[in-house]
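Working notes for the structure below.
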Amino acid sequence: MSLKGKSLLDTQALSNTQIDDLFLLADRIRTEGWNIVRTSTPKLISLVFLEPSTRTTSSFEAAALRSGHQVMSLNGSFSSTTKGETLLDTLLTLSAMKPDVLIVRHGTNESLKNIDRQLNVPVINAGEGVSGHPTQALLDAYTIRQSCGAISDQRILFVGDVKHSRVATSGCELFESLGAQTAVCGPDEWSTGLKKISSLEEGLRWATVCMTLRIQRERQPDSAKTSRAEADFISKYQLNKESMKWLTKNAIIMHPGPFNRGVEITEDVLSDSRCRIWQQVENGVYVRGALLAQILGAVG
Ligand code: CP
């Protein structure tokens, strides 16, 4: 079934066929260029970012502009949410301006799934609290497929602050639905009910993909406790020159960004041939461009 006119609020809404179609279109944009999705009837894309973002907001904007669309951006710090306006009322207000799609990041307790029903425009979840970040999961799956082949053959290890990571939530959901094995590795207080591998050495020897995660300081209730936990985290779970020796030569290292050099990863990781961090960023533009083309019905 086509994604035209549909919202994307989580990865569970997508069938494997829809994901294959999306990735094939992203492949075509990557190899043939943007003309295949470039439109002569520009649509209006509304970017609503009520939490900070570099990669997600800029990659959606780059994809929209390269596809010939127009973009209007709302930055949370300058929006009327700072005067008490709710997410629902913000989105109803923007929806009344008749954009063709709303791309929304927020960290409120309101759920896009409840709000979506009240809007007459497709909504893309660009990161919602800790509950999900479906387009990140899609670009990560695309990057794994490009580097390692079938997702169903992979053993994917999330290392770090899994509990506060919407990337881990959506990633585990999507990768498992595509047949991969997933596991997490990190301090008990930052783990979830997902399969846990206690030692980093054991986890890295097991993994074909290592997705390391930032400590999400902004979501931790006690900043002093988080700072104390950081030194222990670095000694046990940091990906560095020594720990990377446990990772097999064909495995890859990923990070959704933003990363903190010297905390969860070191410079050695960034210069390692197995590192795919910049490829993830580049692929984010192709995958989000393909998604916009499918939702807006602009596939050539
Ligand atoms: N990975 C990710 O969502 O990065 P940004 O917060 O910079 O968008």
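Note that ligands are numbered from 1 as they come in the structure, with each ligand's atoms numbered from 1 the same way. Please read these numbers as outputs of a predicted model, since none were measured by experiment.
For the atom pair CG of L92 and CG of L119, the computed distance is 5.5 Å after rounding to the nearest 0.5 Å.
In terms of polar-atom proximity, T57 is not counted as a contact of ligand 1, lacking any N or O under 3.5 Å from an N or O of the ligand. Of the N or O atoms in P258, none lie within a sub-3.5 Å distance of an N or O in ligand 1.
Taking 4.5 Å as the limit, some side-chain heavy atom of R288 sits within range of a side-chain heavy atom of L139.
Ligand 1 does not have G127 within reach: every non-hydrogen atom of the residue lies 4.0 Å or more from it. Residue-ligand proximity: R105 is placed with a non-hydrogen atom under 4.0 Å from ligand 1.
Under a 4.0 Å criterion applied to the non-hydrogen atoms of T54, ligand 1 contributes the atoms 5 (P), 7 (O), 8 (O).
Atom 4 (O) of ligand 1 has as its closest protein heavy atom R55 NE, 3.1 Å.
Between N283 and the choices F23, W278, Y142, the side chain to side chain contact (heavy atoms under 4.5 Å, CB included) rule is met once, by Y142.
At least one donor-acceptor pair closer than 3.5 Å links the side chain of T108 to the backbone N or O of E110. Side-chain N or O atoms of R105 include one that pairs as donor or acceptor with a backbone N or O of P52 at under 3.5 Å.
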